[in-house]
Amino acid sequence: MEYLKIIAFTHKQIDLKALGKLVICEQTLDDRLKKIQDELNIKEIFYVGTCNRVEFIFTTPEKVDRDFTVKFLTVLDMGLPEEYMEAFVDKVSVYEKVEAFNHLLRTSCSLESLVVGEKEILAQIRKAYENCRLGGFTGDGLRTIMDRVVKTAKEVYTNTNISKNPVSVVSLAYRKLRDLSMCANSRLLIIGSGETNKNLAQYLKKHKYSNFSIFNRTVENAASMAADLNAQAYPLTELENFKGGFDVIITCTGATEPIITEELYKKLLNGESDKKVIVDLAIPNDTAVEVIKNYPVHYIEVESLKEIARKNIQERYDELVNAETIIEQNIKEFDLVLRQRKIEIAMSSVPKKIKEIKNTAINGVFADEISTMDENSKLILERVMNYMEKKCISVPMVMAKEILVNSNEI
């Protein structure tokens, strides 16, 4: 944990529209992270990008100061104008060592979320870590940390009421939709088939909405979602040709540029002029600014849900205290886990050394004596040697861990 660092850009310091400029598209993520590792002396790293945060969790012996952050963003090469670069550097949150671990735990338990109590953040962090693990960007250090992160989050969600009657960005968006009193046969055009849109669609299905059309880059994913909603699925490339009309657009994709441009929106209207609804939960937004300015639209986005989310934090204050107590206990326990892991790593060569000693004894030092033994005696000797080998491997490890535990209790 000595080298654990986090660079975080979140909804608490940065406007969500500006935050969208730091979101990395999936296709370029590996190349950007590889470049960061190569040029900044970073051993392990993973990236988390959600609707209200962009964070980089990594290990490095380097000091993470303003100069490091500037270099980090420069190497990341997001094409940021100078004014954005300065704003991000001024508003970045940097965490190191135990403080970084505490931040990661609080984030995974949703204590740092726009909406406290939503469980989605844990799944998002686990998925982000897993993607980077499969890409070869993480190792034993972050694996050990993530094991404790998952354990702690599960304890918080199980042993507190922080997620009771959960209020998520999706449920807040549905409440906004509900307040508009849409009729049950409203035409719902869904762009993107990720978890956010799936969850919102389930809310709508539960309340008897059924007229869905789904578009996604990968049509197979759209088809899977459409089957559950009894809807039609289309590839995203066919969106501009869609003539079915709509009353509500629900969009949340990983695109780094607006999908719903003014030109596309005009085509989708297909001559209709009544006021439409757009629910845009993407960061950066999928909807171009010109669409909001030039057309009559009820526009629901993450930024507009902030005030409701703030009230939610106040309502859950007692549970926040309980959750923080669990986090504090896990941080204390994790110190022992880390020390035990160091012993395991330091002693990882012991089994190989003991096997070498056994082979030298059998095939070298005592080879002549053993050759004069009958087969039954040789079998007994082999069993004795195998038994001793296992004990010589396990006993020192157990003793070392017991010494650690006892010293921790003193």
Side-chain angles (χ1 to χ4, degrees), residues 1-8 10-12 44 46 48 50-53 55-59 93-130 133 138 140-172 195 309-342 344 401 404-410:
M1 195 152 57
E2 180 183 358
Y3 295 142
L4 179 64
K5 314 286 171 70
I6 297 176
I7 290 178
T10 77
H11 64 96
K12 293 186 176 182
E44 302 180 49
F46 74 96
V48 177
T50 73
C51 62
N52 52 46
R53 69 182 60 252
E55 302 198 12
F56 298 89
I57 299 92
F58 56 95
T59 57
S93 297
V94 174
Y95 305 91
E96 299 186 275
K97 301 181 180 180
V98 175
E99 187 183 17
F101 186 46
N102 181 53
H103 171 75
L104 186 55
L105 290 175
R106 287 178 59 85
T107 301
S108 301
C109 296
S110 85
L111 273 61
E112 298 290 337
S113 294
L114 179 65
V115 180
V116 173
E118 62 171 343
K119 292 184 178 180
E120 288 90 342
I121 184 63
L122 176 60
Q124 290 168 334
I125 290 176
R126 292 179 74 175
K127 183 179 179 181
Y129 165 76
E130 185 63 15
R133 185 191 70 80
T138 68
D140 188 69
L142 287 181
R143 178 196 63 77
T144 305
I145 287 169
M146 280 302 298
D147 285 348
R148 179 59 55 158
V149 164
V150 173
K151 173 184 178 295
T152 304
K154 287 182 176 179
E155 286 181 13
V156 167
Y157 292 129
T158 300
N159 299 319
T160 75
N161 289 323
I162 199 165
S163 60
K164 186 177 181 181
N165 301 319
V167 180
S168 66
V169 170
V170 169
S171 64
L172 293 178
E195 287 302 312
R310 287 192 190 98
K311 292 178 182 177
N312 175 55
I313 292 176
Q314 188 60 41
E315 291 169 2
R316 293 166 190 262
Y317 178 78
D318 290 342
E319 297 310 318
L320 281 172
V321 174
N322 294 335
E324 286 169 349
T325 301
I326 293 172
I327 289 172
E328 184 179 346
Q329 182 59 37
N330 272 277
I331 290 175
K332 289 179 181 177
E333 292 175 2
F334 190 61
D335 180 60
L336 179 61
V337 170
L338 278 182
R339 286 190 283 163
Q340 289 178 334
R341 183 57 184 154
K342 285 181 180 178
E344 290 172 358
K401 288 184 177 181
L404 261 182
V405 171
N406 292 334
S407 66
N408 199 55
E409 292 174 350
I410 296 174

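Model, not experiment: these values are computed from the prediction.
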Out of Ile327, Val48, Leu122, Ile121, which residue meets the side chain to side chain contact (heavy atoms under 4.5 Å, CB included) rule with Ser108? Leu122
Give, for atom CG of Leu104 and atom OG1 of Thr152, the distance between the pair rounded to the nearest 0.5 Å. 9.5 Å
Using a strict cut-off of less than 4.0 Å between a Lys/Arg side-chain nitrogen and an Asp/Glu carboxylate oxygen, indicate whether Glu130 and Arg133 qualify as a salt bridge. yes
Can you check whether Arg143 reaches Tyr129 side chain to side chain, under 4.5 Å on heavy atoms? yes
Between Asn102 and Val98 (side chain of the first, backbone of the second, donor and acceptor by atom type, cut-off under 3.5 Å), is there such a pair? no
A quick test of your reading: do over 12 heavy atoms of other residues, nucleotides or ligands sit less than 6.0 Å from CD of Glu328? no
Would you confirm whether Arg53, through its side chain, and Glu112, through its main-chain N or O, come within 3.5 Å as a donor-acceptor pair? yes
Is there side-chain contact between Arg148 and Glu333, with heavy atoms separated by less than 4.5 Å? yes
Between Asn322 and Thr160: side-chain donor-acceptor atoms closer than 3.5 Å: no
Mind checking the CZ-CD spacing from Phe46 to Glu55? Nearest 0.5 Å is all I need. 9.0 Å
What is the distance from atom CD1 of Ile6 to atom NE2 of His103, rounded to the nearest 0.5 Å? 5.0 Å
NZ/NE/NH1/NH2 to OD/OE distance under 4.0 Å, Lys151 and Asp147: no
Thr59 side chain to Glu44 main-chain N or O, any donor-acceptor pair under 3.5 Å? yes
I'd like to check Met146 versus Ile125 (side-chain heavy atoms, cut-off strictly below 4.5 Å). Are they in contact? yes
Would you give the length of the straight line joining atom CD of Glu120 to atom NZ of Lys127, rounded to the nearest 0.5 angstrom? 13.0 Å
For Glu99, enumerate each residue passing the side chain to side chain contact (heavy atoms under 4.5 Å, CB included) test, keeping only those at least two apart in sequence or located in another chain. Tyr95
Rounded to the nearest 0.5 Å, the CZ atom of Phe101 sits from the CG atom of Asp335 at a distance of 10.0 Å
Distance col, row Phe58:CZ vs Ile7:CD1, nearest 0.5 angstrom, shows 4.0 Å
